[in-house]
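Accompanying notes for the structure given below.
Proteins come first, then strands; the chains are lettered A, B, ... in the order of their sequence lines, and each starts at number 1. Side-chain atoms are counted along with the backbone in the values below, which use heavy atoms only and exclude waters and symmetry mates.
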Amino acid sequence: MDAKLLKPYNPKETENKIYKLWEESGFFNPDNRPEWAKNKETNKNYNKIFSIILPPPNATGVLHLGHILEHAIQDSIIRYNRMRGKQTLWLPGTDHAAIATDSKVTKMLEKEGLKKKDMGREKFLERVNEFVEGSRKTIVSQLRKIGASLDWSRQAFTLDEKRNFAVKTAFKKMYDDGLIYRGSRIVNWDPKGQTVISDDEIVYEERKAKLYTFKYSKNFPILISTTRPETKVGDTAVAVHPNDKRYKNYIGNSYVVKDFCGVKLNIKIIADETVEKDFGTGALGVTPAHSITDWEIADRHNLNRPQVINEYAKMTVNDERLKEKKTTEAREIIVEWLRNKKLLEKEEETNQNVATAERTGGIIEPLPKLQWFVDVNKKISDRNNKSFKELMLEPVQNGKIKILPDHFVKVYYNWIENLRDWCISRQIWYGHRIPVWYHEPICIPKIGKERQISKCLEMIVSVEKPICEHCDAKYIQDPDTLDTWFSSGLWTFSTLGWPDINAPDLKKFHPTNIINPGYEILFFWVARMILMSQYLIKEIPFKMVYLHGMLRDTKGQKFSKSLDNGVDPINIIEEYGADALRMSMIVGIGPGADAKFDIQKVKAYSKFANKIWNVARFVLDNTKDFTFPKTPSYDTEDKKSDEELKKLITEITKEMEEYKFYIVAEKLYHYFWHTFADIIIERAKKKILTNKNADSAKILLYTHLTTLLKILHPFMPFVTEEIWQIINSRRKVVIPTETSGLLMIEKWPFDDVQGKLC
RNA sequence: GGGCGGUUAGCUCAGUUGGCAGAGCGUGUCUUUGACGUAGACAAGGCCACAAGUUCAAAUCUUGUACCGCCCACCA
């Protein structure tokens, strides 16, 4: 008897050793396959490929329990498919998470008393890289701790050189196809972070606000309501609903307001369907430059768009009372002015949803800015005149891409329908620099050549830094960086060798089989991967989107730093073992379902690991001197048990293919404990003791153990592998040698069972 | 305002085509030279949120109600 087996199962002493064994075997890499899987005769899945690209964790910090949930699912899928004999790739990587990382490092530096601007771009980026490198190391070691069978030889980073080349290539192609444009449009400006952010990076906070009702001047015929009087110096119209009888006669009129707190206004009365008749006075003061809906109204009615607020949320109008004042101060000044002029009709309390930046908390100031956009509506000629919107919809509609749970399909459609052009430029330093180059303002004549200034190109979109052919001036790169999701969108194929369309990995492993993110990034990421993949390589990025839910604490709250309710998964693994933690994340948690994390569940499965261990001890102890007959035969009840296990295998294999891991894991737990241990072992004890049908019992014990180890392995890889290794060390002596080596690359028993049953 | 999800044992949650209500933890009783005390055996505990409907049969399907939660829109 192996001395180890005499003690209770100790994951701490086992897991690192086992992971090393796996890693050194090279079998995480699909290029290395076990002998049986290389053989068409023994492997039905010989030609099949199975690939998952890991949703890259943000390099801003360490992994939390939510990640473990994600990784436990993926590793189980990967291990299962590897055992089925497929060429199985699970590719690891991390995400540079531009804004998140940038703002995190900025805060860290502020604590040291350092300012980003004083440091300069280069120095700042050095610090960011240093920080990210540290984070990445932690993440990688955490992934190893939970037993993730990732192919480390293919590790990628969203901001490494290869991915940067992919990003630049994608940008250029999109620009050349007219799908990326530079335009002055209203954007969500974050004055605190000094950058543009996308619609998806906004969070709304409900606050109390005052709603003011007033006229622009004594003669003005219509009262309007606003919570932001300071923006009214930028008004160019008053919009009313076309059916609103109160205002019908005014539609089309224009009024000059000579002095609105020192500013001259030109107000046209227009009719627009978007105006709510019942809100306020039913008339909306239109401020095109500082409200997104007003900007769109201005589009429809051809209005001027004077800007009255700048990037620092300060007023830019010429009136000395207002100039350079913060918007909040300007608001008071204008309200006071309205009061004095007796133009203010009403002040009332109202609830307002204030747009704030997710990462910095700054209040969003909508501003017109020159930014880069992806046109989501433009027809793409070499994609059958389909737009990005259509390219994103199509594969989900025709079922090429399945989403689990399927009610997210509707949510996905709904998001695409309401999608506006995607603003991809960010005014932060950390990220992929936009591959656009501007000619220096002054041309420098080439020595010995004639000046041909008129031929100098002002702007070039190029993967490499361009050189001016006509003068000696330099090109200067656009200072902006790209939205982090631009590079994430390329992830399934930039990791496989794209833009080299002949890259062997790309040909072999794309489209990937399944992607497994949380539902909260369905739009951010999943949609953008579909967009990029459909457009750049005319292929879906994955066949299945298995969305997982959120993990919350026992009170049902999100895990967050501000609540300080975070749990370090590594501590849990140290105490209970990775297998236990993994099982607790899988059993009973269906796709898309939020779950409360309960340490009791982990404890329960650590007991289960020990149970498996003890069962192994019993079985090995009772079969140690037994010589297996060439053709095993069972008595009636053992034969029934053998069939029952085969039935279980058929069942769970089907369920694995249907992504019902949460049911499979539970079934295995239940069968192992309450059928194998409680019934079969108890029965075997009697048979062995009385020596009646003892051989049948021993064969059943051994086959049950080895088979159950195999099918438990995807869920509890460490304890099952450790036992397998102990069995291996004895196998040559007594037990038939149908297997050897690692459990990780053993054959999943399904095909054998099918063969025998049929 | 629009959309989605949830409500099952004291707690956390499963329950796949409708067919005697399940697990873990917790609780109670019993069992220790025996694979396992990080244990085993047994047990208690549920009008499956509420109401109506379809059906031989409903936790499951339909409709409505209540409460909890999430997402999207952003009302000026």
Side-chain angles (χ1 to χ4, degrees), chain A residues 1 5-10 199-200 202 204 206 209 211-213 224-229 231-232 235 238-239 274-276 278-287 290-294 297 350-355 364 366 405 407-415 417-419 519-520 522-523 549-550 552 554 556 558 576-577 580 583-584 587-590 592-622 651 654-655 658-660 662-663 665-667 669-670 673-674 677-678 681-682 684-685 689 701:
Chain A
M1 175 60 54
L5 263 182
L6 294 173
K7 288 182 275 175
Y9 176 58
N10 184 341
D199 293 347
D200 304 303
I202 290 178
Y204 288 92
E206 188 163 296
L211 182 68
Y212 301 95
T213 301
I224 59 163
S225 300
T226 184
T227 51
R228 299 199 59 192
T231 63
K232 297 291 106 182
D235 281 14
V238 165
T274 58
V275 179
E276 291 278 336
D278 302 326
F279 187 89
T281 60
L284 163 67
V286 181
T287 322
H290 300 287
S291 151
I292 289 170
T293 46
D294 292 6
I297 292 174
T350 180
N351 285 326
Q352 192 192 19
N353 278 332
V354 178
I364 297 304
H407 66 256
F408 277 103
V409 168
K410 271 194 204 164
V411 181
Y412 179 78
Y413 290 159
N414 190 40
W415 178 79
E417 273 159 34
N418 296 317
L419 190 62
Y519 57 70
E520 74 279 3
L522 177 63
F523 311 137
M550 295 237 318
R552 298 166 186 281
T554 43
K558 276 188 183 181
Y576 299 103
M583 272 299 265
S584 77
V587 174
I589 303 177
D594 290 346
K596 287 178 192 166
F597 178 76
D598 188 353
I599 193 70
Q600 294 303 335
K601 204 171 167 187
V602 182
K603 268 187 198 169
Y605 290 107
S606 73
K607 284 184 187 174
F608 181 50
N610 195 49
K611 186 77 179 178
I612 299 172
W613 189 253
N614 290 319
V615 164
R617 177 191 307 145
F618 176 83
V619 172
L620 294 182
D621 207 25
N622 280 283
E651 230 174 81
K654 185 170 166 265
E655 281 159 348
E658 290 166 353
Y659 306 100
K660 291 175 181 163
Y662 53 107
I663 291 172
E666 191 172 11
K667 271 189 185 168
Y669 170 87
H670 205 247
W673 204 306
H674 300 296
D678 290 357
I681 287 186
E682 290 306 317
K685 279 183 193 169
L689 208 67
L701 286 179

Paired nucleotide for [N] [Watson-Crick or G-U wobble; both distances under 3.5 Å]:
N: G1(B); answer: C72(B)
N: C11(B); answer: G24(B)
N: C47(B); answer: none
N: C67(B); answer: G6(B)
N: U17(B); answer: none
N: G53(B); answer: C61(B)
N: U32(B); answer: none

Regarding the side chain of F279(A), the nearest nucleotide among C71(B), C75(B), C70(B) is C75(B)

Taking the side chain of Q600(A) as its heavy atoms from C-beta onward, which of C25(B), C70(B), G24(B) lies nearest to it? C25(B)

Those residues that, when tested against [X], pass side chain to side chain donor-acceptor pair (under 3.5 Å) (two or more places apart):
X: K603(A); result: none
X: E658(A); result: K660(A)
X: Y662(A); result: none
X: E682(A); result: K685(A)

Which letters describe nucleotides 1-18 of chain B, given B = protein heavy atom under 4.0 Å from base, S = only from sugar-phosphate, - = neither? ---SS------SSSSB--

Would a line drawn from the ring center of Y576(A) to the ring center of Y605(A) be shorter than 6.0 Å? no

Short side-chain N/O contact from T293(A) to OP1 or OP2 of C75(B), under 4.0 Å: yes

Separation of [N] [atom2] from [X] [atom1] (nearest whole Å):
X: F523(A); N: C70(B); atom1: CZ; atom2: P; result: 16 Å
X: E417(A); N: A73(B); atom1: CD; atom2: P; result: 13 Å
X: D278(A); N: A76(B); atom1: CG; atom2: P; result: 15 Å

Would you call K232(A)-D235(A) a salt bridge at under 4.0 Å N-O? yes

Taking the [atom1] atom of each, how far is [N] from [M], in whole Å?
N: G22(B); M: C48(B); atom1: C1'; answer: 12 Å
N: A76(B); M: C68(B); atom1: P; answer: 25 Å
N: G5(B); M: G64(B); atom1: P; answer: 14 Å

For a quick check of understanding: with a heavy-atom distance under 4.0 Å over all strands, which category does Y605(A) fall into, base, sugar-phosphate or nothing? nothing

Pick out the pairs of N or O atoms, protein on one side and nucleotides 35-44 of chain B on the other, that lie under 3.5 Å.
| from | atom 1 | to | atom 2 | distance (Å) |
| --- | --- | --- | --- | --- |
| A35(B) | OP1 | K685(A) | NZ | 3.3 |
| A35(B) | O2' | R617(A) | NH1 | 2.7 |
| A35(B) | N7 | K685(A) | NZ | 3.2 |
| A35(B) | N6 | E682(A) | OE2 | 3.3 |
| A35(B) | N3 | N614(A) | O | 3.3 |
| C36(B) | O2' | N614(A) | ND2 | 2.8 |
| C36(B) | O2 | K611(A) | NZ | 3.1 |
| C36(B) | N3 | K611(A) | NZ | 3.2 |
| A39(B) | OP1 | K607(A) | NZ | 3.0 |
| G40(B) | OP1 | W673(A) | NE1 | 2.7 |
| A41(B) | OP1 | D678(A) | OD1 | 3.0 |
| A41(B) | OP1 | D678(A) | OD2 | 2.8 |

Spatial distance of atom OH (Y669(A)) from atom CE (M583(A)) [nearest 0.5 Å]: 8.0 Å

